[in-house]
Amino acid sequence: PGHMMAALSVFPELSCTGGPFSIPLEWGVKEHILCAGNEKVFNFIKDVLTEVIELFPSEYIHLGGDEAPKKQWKVCTKCQNRIKEEHLKDEHELQSYFTQRVEKFLNSKGKRIIGWDEILEGGLAPDATIMSWRGEKGGIAAANLGHDVIMAPTDYFYLDYYQSDDRANEPSSAHWGATVDLEKTYSFNPLPSKISADKQKHVIGVQACVWGEKVQLERDVEYMSFPRALALAEIAWTPQEKRNYADFCQRVAACLSYLDWKEVTFRIPEALSDVEINAGKAIISLQSSVKGADIYYTTDGTSPWTYGKLFTSPVTLPLTFNGIDFRYTIVLPSGRSSAVYKLQRK
Ligand code: ACM
Ligand code: ZN
């Protein structure tokens, strides 16, 4: 019922208040949603889904169900009448009623539904598959209830989130608060032990999302998607006990070389680095995160884009009380170079 402002702008009679509305020019969760007490709404949904069914031969149809504020439902006479007639407890059960009506219609057409984890609230539609985005809690609960689940938690799989804490280096299209770097994405275990052994089969997959509120250029979509999508793929097809991040990075280096040749504008990961402190000196070893790429570095705080020396073998630096200021950029075979990265002492 939520995320409906485009439809409500054209059909304001499908809302609780009757509108009028205009199409919002900013992203966001909006309080006006489809009225659950109005039969016209269900006819509208049937009409739309009938067209969707003609267009898409898939077994599943994703109904959304996320981010539907209950503010208007709480004060709408039609919605409150529906709650009484159907003996529902509250507005969450009203959304459950809403979802189940639509599910029945889709089941009658031979389709199964997927919904975001909000559709767990107020009782789950019988055959629904849950897509768990607000962490893995919803997915765990749904699997333990015997529902199929797709894991898509924000903290690992929302690829519109920043890939580095160094925000100045990231495109303005990246957004939201958290940092989801490659290692974080790779660390996701899609089969948490909180799902009982006999229910683990209900986790049927993982999904990553690249939402487009701010990521609007194709090159930025590619930047946000890769290399994290490679981690997603490996999580999906490799059992947890066989996964190893260091080993993955070596294989990613080869994949990224290929993607560079294909002119995909992926984020160039930081070099794999090792700093050995020995007798007042730092010995710095670097390995490019992309096969066939070169690393140019400076040690005096100047820009390696302009003043960089080609890294060919480990660099030895004296350790002053300020530590080291080692900066580098990775230059791909295509000529594209990374942002300037500073070597972080762990
Ligand atoms: C979502 O990100 N609202 C599913
Ligand atoms: Zn209403």
Side-chain angles (χ1 to χ4, degrees), residues 1-8 11-21 24 26-45 60-86 88 90-99 101-102 113-122 128-139 142 149-162 174-178 180 185 205-215 221 224-225 228 232:
H3 287 300
M4 273 289 150
M5 289 311 294
L8 293 184
F11 304 110
E13 67 276 17
L14 302 182
S15 71
C16 290
T17 63
F21 308 105
E26 275 296 319
W27 64 273
V29 177
K30 309 294 177 187
E31 68 173 87
H32 292 283
I33 65 176
L34 292 173
C35 176
N38 182 349
E39 282 308 295
K40 273 192 187 166
V41 163
F42 294 94
N43 293 333
F44 167 76
I45 291 173
Y60 292 100
I61 291 186
H62 196 312
L63 289 183
D66 61 321
E67 297 179 325
K70 307 297 184 292
K71 185 173 172 191
Q72 294 300 329
W73 285 5
K74 282 190 174 137
V75 294
C76 168
T77 326
K78 292 192 288 281
C79 285
Q80 291 303 315
N81 281 342
R82 179 82 79 192
I83 287 176
K84 280 192 209 96
E85 283 162 16
E86 298 292 332
L88 306 172
D90 57 15
E91 291 73 26
H92 293 293
E93 288 199 358
L94 183 57
Q95 182 169 350
S96 177
Y97 162 87
F98 189 108
T99 308
R101 269 192 74 169
V102 182
I113 69 162
I114 300 177
W116 295 113
D117 55 65
E118 281 94 331
I119 72 170
L120 278 165
E121 293 161 4
T129 295
I130 292 298
M131 198 170 263
S132 190
W133 73 283
R134 297 177 301 177
E136 55 182 9
K137 284 191 317 288
V149 164
I150 297 159
M151 291 292 194
T154 54
D155 287 350
Y156 298 86
F157 290 154
Y158 268 33
L159 303 190
D160 47 338
Y161 284 32
Y162 284 100
H175 71 143
W176 313 116
V180 178
T185 298
V206 285
Q207 171 175 294
C209 304
V210 189
W211 297 105
E213 290 100 332
K214 294 198 177 182
V215 187
V221 174
M224 302 311 280
S225 300
R228 290 180 295 185
L232 174 83

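We count ligands from 1, going down the list as the structure has it; atoms in each ligand are counted the same way. We're numbering straight along the sequence, starting at 1.
Between atom CZ of residue Phe157 and atom CD1 of residue Ile150 there is a gap of 12.0 Å, rounded to the nearest 0.5 Å.
Distances below 4.0 Å separate heavy atoms of Glu67 from the following atoms of ligand 1: 3 (N).
Among all heavy-atom pairs drawn from Val206 and Leu232, the shortest one is CG2-CD1, 3.7 Å. Nearest heavy-atom pair, Trp116 versus Cys209, reported as atom, atom and distance to 0.1 Å: CH2-SG, 4.1 Å.
Seen from the Zn ion (ligand 2), atom SG on Cys76 and atom SG on Cys16 lie at an angle near 110° (rounded to 10 degrees). The angle Cys35:SG - the Zn ion (ligand 2) - Cys79:SG amounts to 110°, with values rounded to 10 degrees.
At under 3.5 Å, not a single nitrogen or oxygen of His3, backbone or side chain, sits near a nitrogen or oxygen of ligand 1. Residue Trp116 has no nitrogen or oxygen atom sitting less than 3.5 Å from a nitrogen or oxygen atom of ligand 1, judged on distance alone.
Annotation: side chain of Trp73 is in contact with side chain of Gln95 (closest heavy-atom distance under 4.5 Å).
The aromatic rings of Tyr158 and Trp133 lie parallel to each other, their planes meeting at an angle below 30°, with 60° marking the opposite boundary.
Nearest protein heavy-atom contact of atom 2 (O) of ligand 1 is Tyr158 OH, 2.7 Å. For atom 3 (N) of ligand 1, the closest non-hydrogen atom on the protein side is Asp66 OD2, 2.6 Å.
Arg101 and Glu39 are joined by a salt bridge, as a carboxylate oxygen and a charged side-chain nitrogen come within less than 4.0 angstrom of each other.
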